[in-house]
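Below is one structure, written out as structure tokens; the observations come after it.
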Amino acid sequence: MTYEQEKIKPYDGQGEKAELVEKMFDNIAPSYDTLNHRLSWDIDKYWRRKAIKQLKALKPQRMLDIATGTGDFAILEAEMLKPQQVIGADISEGMMEIGRQKVAEKGLAEVISFKKEDCLNLTFEDNSFDAVTAAFGIRNFQDLDKGLAEMCRVLRPGGMLSIVELTTPVHFPMKQLFGIYSNTVLPIYGKLISKDSSAYDYLNKTIAAFPQGERMMDILKNAGFKEARFERLTFGICTMYIATK
């Protein structure tokens, strides 16, 4: 199935979406962390922590963080869950290079490593990981069904997927307030800080187009997960998805 956000590209012109997304994240990598935290008033840190806590009972030892970016999720996982290994996978070397620097500064290089990966065609073997995570990245997939199926494939039976993704609030008045904020403040501030006028306009459009809530439950189950649940966070600005293989 083709989803609306898969048709949205960060830049005009020719090229596969994946190639353009890689270019975009390489361009905004130096300002990405600052923008993420400021635009969410640092609430994104709470969202990540809540998603990681869902995995505590599992006690995962080998973890994969998809669309890891600059490694914030991977670092929190290493600190909170104490796994033996966390691999951060992403298509953007620019983002991961910043992640490597952050990991080194925190003394976590023996636990966390980074690898350039096409998230639609992961190089890892079947049943390789106890847990797979993704924060604010799956809406950039060129093929959502294939990306989620790959995440399921590399999970061991009984392993868990934990996702946090930006979503559109569904209730008044937050729905209307978020619409104003995302269509004015977010792209303007994003352009000022990142110097990339297209990037945050693209990211805003993908939030609005991305399937969420109950619809995502069906998509996760079609991808191979046995159980799935979701929880809207901060009035629906973000949604957490937890699935078990």
Taking the six-membered ring for Trp, are the ring centroids of F129 and F124 within less than 6.0 Å of each other?
yes
Linking I/L/V/M/F/W/Y whenever their side-chain heavy atoms sit closer than 4.5 Å, directly or via other members, would F230 and V170 fall into one cluster?
no
No-hydrogen, no-angle side-chain donor-acceptor test under 3.5 Å, [X] and [Y]:
X: D90; Y: T68; value: no
X: K115; Y: T123; value: yes
X: E6; Y: Q142; value: no
X: T2; Y: K7; value: no
X: R139; Y: Q5; value: no
X: T239; Y: E231; value: no
X: N140; Y: Y202; value: yes

Passes salt bridge (Lys or Arg N to Asp or Glu O under 4.0 Å), D72 versus K45? Steps please.
CA-CA 9 Å; D72 276 359; K45 297 175 182 178; over 6 Å; no
Just by modelled atom types, is the [Y] backbone N or O under 3.5 Å from a matching donor or acceptor in the [X] side chain?
X: D130; Y: R62; value: yes
X: E150; Y: L122; value: yes
X: Q212; Y: T168; value: yes
X: Y241; Y: G213; value: yes
X: Q85; Y: Q61; value: no
X: T70; Y: M95; value: no

Got a salt bridge between E93 and R100, using NZ or NE/NH1/NH2 to carboxylate O under 4.0 Å?
yes
Could you please spell out the steps behind the salt bridge (Lys or Arg N to Asp or Glu O under 4.0 Å) verdict for R153 and D126?
CA-CA 5 Å; R153 178 185 67 79; D126 296 358; 2.7 Å; yes
